[in-house]
Amino acid sequence: MAESYDCIVLGVGGFGSSTVYHLAKRDLRVLGIDQFPLAHDRGSSHGDTRIIRKAYFEHPAYVPLLQRAYQLWDEVQSEYADLTANSAEHLLLNRCGVFSAGPHNGIVVNGIRQAAKQHALAYEDISASDAKDRFPGYQIPEGFDIVFESEAGYLHVERCVSAFGQLAQQHGATLKTNEQVIGWSSTSNAVEVKTDNDTYHADSLIITAGAWSDQILDRLNLPLTVLRKVLLWHQTADRSFDVDAGRGGFFFDMPYGRFYGFPCLDGRTVKLAEHSGGETVHDPLNLDRSLKPSDTANVRKFLSEVMPNLDIEPSRHVVCMYTMTPDENFIIDRHPEFANVCYGAGFSGHGFKFTSSIGEALADIATTGSSALPIEFLSPRRFLQA
Ligand SMILES: Cc1cc2nc3c(=O)[nH]c(=O)nc-3n(C[C@H](O)[C@H](O)[C@H](O)COP(=O)(O)OP(=O)(O)OC[C@H]3O[C@@H](n4cnc5c(N)ncnc54)[C@H](O)[C@@H]3O)c2cc1C
């Protein structure tokens with residue numbers, strides 16, 4: 001008879017890897033299953049880096065989750081350093097700072113100020129003349145407000161997923177990769193998960209299936225839309241963007257879209273992307289990974305206006321997916337029919353920074369039925385009330 005587990009985590013990407021880690025740290029028998037290898041490039045958690053910010057313009061209710069996320073990133077980073085014994089390889093989070101620029105009193109800059117004031121977070125308003133010295137290499141549009149958050153920075157995304165997976169295994173978790181889940185069922189105290197290779201049993205199930213969430217949770221009819229998103233790397237001879245020179249990330253709220261990017265990490269290229277826009281994806285397994293002219297049109301305009309020292313042609317691109325909800329806030333809940341099944345979905349293109357704390361919250365829900373972390377605002381019941 002196959003081994004039975006306390007908990008199965010379906011999908012070991014960004015959120016699933018963190019959830020497996022938190023469960024394994026609690027000495028539970030945990031199984032994580034993924035259709036691809038750990039830290040793969042076929043879902044939503046790849047492309048080298050992800051921005052992390054705390055003064056959250058999207059909604060101040062995220063700030064407590066971010067405060068916990070930062071604490072946990074530091075803990076995981078130190079645990080991972082012990083595992084790798086290699087200082088260069090273990091860096092998960094770099095607090096290099098991020099500046100945001102947008103129209104005077106616009107949603108982004110004002111949202112940052114409001115979240116910072118409400119939660120007593122440090123941030124700076126930067127004048128246009130100071131910005132020329134502090135952020136060389138950018139032509140910031142006239143009249144834009146500029147705010148800087150020194151605690152913000154970036155995470156090495158694949159390394160984080162890999163760290164969670166490796167540490168989880170060190171704490172006793174079992175990972176089955178390259179196995180696709182083809183069905184699951186639940187009774188009040190047991191779940192059965194069938195893959196294309198085997199059948200597994202556990203007391204509870206956590207579903208963190210990213211762009212595949214609406215297929216795995218089809219009976220819930222969650223309001224999810226998957227978008228195709230492109231990350232671009234542009235070469236530059238301008239050393240103003242180098243992380244080694246103390247430079248950080250950026251976020252621009254332009255009239256034709258929102259753009260964000262990272263400092264130059266390799267001495268040659270700057271990675272950036274358009275946060276807005278994106279084509280609907282109907283089959284995440286058959287995502288078009290080629291670079292199309294429509295992928296770069298807005299970025300070209302942005303580069304020519306704001307970052308003219310970057311090559312206009314990208315030297316590299318990567319295609320990824322956002323799983324959007326109508327209000328762009330996440331969905332975290334217990335399954336309405338099965339108390340021993342819970343899920344996290346719809347991370348709407350800004351979830352990765354939260355994987356450390358939301359993985360903890362999902363582990364709490366699976367083991368105790370609820371979490372002390374303030375996640376009520378992420379309940380799907382908000383869509384029923386609307
Ligand atoms: C281009 C881009 C840029 C982004 N930038 C940022 C940023 O700067 N900051 C930020 O915080 N967030 C950012 N995000 C968002 C963030 O990366 C995502 O919210 C997060 O990575 C989603 O993680 P996930 O676990 O939901 O999905 P995934 O990491 O894709 O994990 C889902 C997993 O489920 C597995 N799975 C699904 N179905 C099955 C099945 N049937 N059987 C087995 N396994 C299955 C998949 O293989 C996958 O591994 C960005 C996203 C993209 C695409």
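Both ligands and their constituent atoms are indexed starting at 1 by order of listing.
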Q | Part of Y260 with heavy atoms under 4.0 Å of ligand 1, whether side chain, backbone, both or neither | A |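 For Y260, only side-chain atoms sit under 4.0 Å from ligand 1.
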Q | Sidechain N-carboxylate O distance under 4.0 Å for D311, R268 | A |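 Looking at R268 together with D311, the answer is no, because their closest N to O distance does not fall below 4.0 Å.
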Q: Could you list which atoms of ligand 1 come closer than 4.0 Å to a heavy atom of T208?
A: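 This gives 32 (C), 33 (C), 34 (O) as the contact atoms.
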Q: Around atom 44 (N) of ligand 1, find the nearest protein heavy atom and jot down its residue, atom name and distance.
A: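 For this ligand atom, the closest protein heavy atom is Q35 N, 3.0 Å.
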Q) Do D145 and H104 have side-chain atoms, one donor and one acceptor, less than 3.5 Å apart? A)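 Note: D145 and H104 side chains meet the donor-acceptor criterion.
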Q) Does one side chain, of S162 or E158, offer a donor that lies under 3.5 Å from an acceptor on the other? A)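 Their side chains do not contain a donor-acceptor pair, so the 3.5 Å distance test is not met.
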Q: Nearest heavy atom to atom 5 (N) of ligand 1 wins, so pick from K229, M321, K353, R50.
A: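 Nearest heavy atom to atom 5 (N) of ligand 1 lies in R50.
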(Q) Any nitrogen or oxygen of C320, side chain or backbone, less than 3.5 Å from one on ligand 1? (A)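 Checking ligand 1 against C320, no N or O pair falls under 3.5 Å apart.
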Q: From atom 30 (O) of ligand 1, work out which of G13, S44, S18 has a heavy atom at the shortest distance.
A: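 Selected option, by shortest heavy-atom distance: S44.
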(Q) Is a donor from one side chain sitting under 3.5 angstrom from an acceptor on the other, for H119 and Y56? (A)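 Absent: no donor and acceptor within the cut-off.
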Q) Among protein heavy atoms, which lies nearest atom 34 (O) of ligand 1, and at what distance? A)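 Atom 34 (O) of ligand 1 sits closest to the protein heavy atom G11 CA, 3.3 Å.
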**Q.** D238 and T236 side chains, donor-acceptor separation under 3.5 Å
**A.**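 No - no donor-acceptor pair under 3.5 Å links their side chains.
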Q. Starting from atom 33 (C) of ligand 1, which protein heavy atom do you reach first, and at what distance in Å?
A.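 Heavy-atom neighbour on the protein nearest atom 33 (C) of ligand 1: D34 OD2, 3.5 Å.
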Q) ligand 1 versus L231, non-hydrogen atoms closer than 4.0 Å: side chain, backbone, both, neither? A)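 Contact part for L231 vs ligand 1: side chain (C-beta onward).
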Q | Proximity flag H46 to ligand 1, non-hydrogen atoms under 4.0 Å | A |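 No, H46 has no heavy atom closer than 4.0 Å to ligand 1.
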Q: Anything under 30° is parallel, anything over 60° is perpendicular, the rest tilted; go ahead and classify H156 against Y154.
A: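 The rings of H156 and Y154 stand perpendicular, inter-plane angle above 60°.
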**Q.** Atoms in ligand 1 with a heavy atom of Q180 nearer than 4.0 Å
**A.**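 Result: 41 (N), 42 (N).
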Q.
I need the single residue from F252, F262, F250 that forms a side-chain contact (heavy atoms from CB on, under 4.5 Å) with L272. Which is it?
A.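 Between L272 and the candidates, side-chain contact (heavy atoms from CB on, under 4.5 Å) is satisfied uniquely by F250.
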Q. Has R42 got any heavy atom lying under 4.0 angstrom from an atom of ligand 1?
A.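 Contact check R42 vs ligand 1: negative.
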Without placing hydrogens or testing angles, list every side-chain donor-acceptor pair under 3.5 Å for residues 13-22, not counting sequence neighbours.
unit_1, atom_1, unit_2, atom_2, d
S17, OG, G13, O, 2.7
S17, OG, G14, O, 3.1
S18, OG, T355, O, 2.6
T19, OG1, F15, O, 2.7
Y21, OH, K25, NZ, 3.3
Y21, OH, E79, OE1, 2.6
H22, NE2, S356, O, 2.8

Q) Using heavy atoms and a threshold below 4.0 Å, how should the contact between I216 and ligand 1 be classified: side chain, backbone, both, or neither? A)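 Contact part for I216 vs ligand 1: side chain (C-beta onward).
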Q.
I need the nearest protein heavy-atom contact for atom 42 (N) of ligand 1: residue, atom name and distance, please.
A.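 That would be V181 N, 2.9 Å.
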Q. Does K54 use its side chain to pair, donor to acceptor, with the backbone of A152 at less than 3.5 Å?
A.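 Not at all, since once roles are kept as given, no pair shorter than 3.5 Å links the two residues.
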Q) Considering residues at least two apart in sequence or located in another chain, which fulfil the salt bridge (charged side-chain N to carboxylate O under 4.0 Å, His left out) criterion with E124? A)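 Expected list: R134.
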Q: Answer whether the closest heavy-atom distance between the side chains of S186 and L205 falls below 4.5 Å.
A: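 A side-chain contact is absent here, since even the closest heavy-atom pair is not under 4.5 Å.
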(Q) Can you name the atoms of ligand 1, numbered from 1 with element, that are less than 4.0 Å from a heavy atom of F36? (A)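 Answer for ligand 1: 47 (O).
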(Q) As an exercise, identify every atom of ligand 1 less than 4.0 angstrom from a heavy atom of G43. (A)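 Listed by number with element, the hits are 30 (O).
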Q) For D48 and K271, what are the C-alpha separation, side-chain angles and deciding distance, and is it a salt bridge (Lys or Arg N to Asp or Glu O under 4.0 Å)? A) CA-CA 9 Å; D48 297 358; K271 181 186 126 180; over 6 Å; no
Q. Does G349 reach ligand 1, in the sense of a heavy atom lying below 4.0 Å from it?
A.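 Yes, G349 has a heavy atom closer than 4.0 Å to ligand 1.
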Q. Atom 26 (O) of ligand 1: which of A69, G183, G210 has the nearest heavy atom?
A.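 It is G210 whose heavy atom sits nearest to atom 26 (O) of ligand 1.
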Q | Minimum non-hydrogen distance to atom 20 (C) of ligand 1, winning option of S45, G14, A209 | A |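 That would be S45.
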Q | Nearest-contact summary for atom 9 (N) of ligand 1 - protein heavy atom, Å | A |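 Heavy-atom neighbour on the protein nearest atom 9 (N) of ligand 1: I51 O, 3.0 Å.
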Q.
Which option wins on minimum heavy-atom distance to atom 16 (C) of ligand 1: F352, W212, W184?
A.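 Checking each option, the heavy atom nearest atom 16 (C) of ligand 1 is found in F352.
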Q) What part of E179, side chain from CB on, backbone N/CA/C/O, both or neither, has a heavy atom under 4.0 Å from ligand 1? A)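 Backbone only.
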Q. Does the ring pair (Phe, Tyr, Trp, His ring centres under 6.0 Å) test come out yes or no for F354 and F330, once each step is laid out?
A. CA-CA 10 Å; F354 296 89; F330 314 153; 5.1 Å; yes
Q: With atom 23 (O) of ligand 1 as the reference point, say which of F262, F15, Y322 has the nearest heavy atom.
A: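 It is F15 whose heavy atom sits nearest to atom 23 (O) of ligand 1.
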Q) When rounded to the nearest 0.5 angstrom, what distance separates CD in E151 from CG in L66? A)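 Taking CD in E151 and CG in L66, the distance rounds to 11.0 Å.
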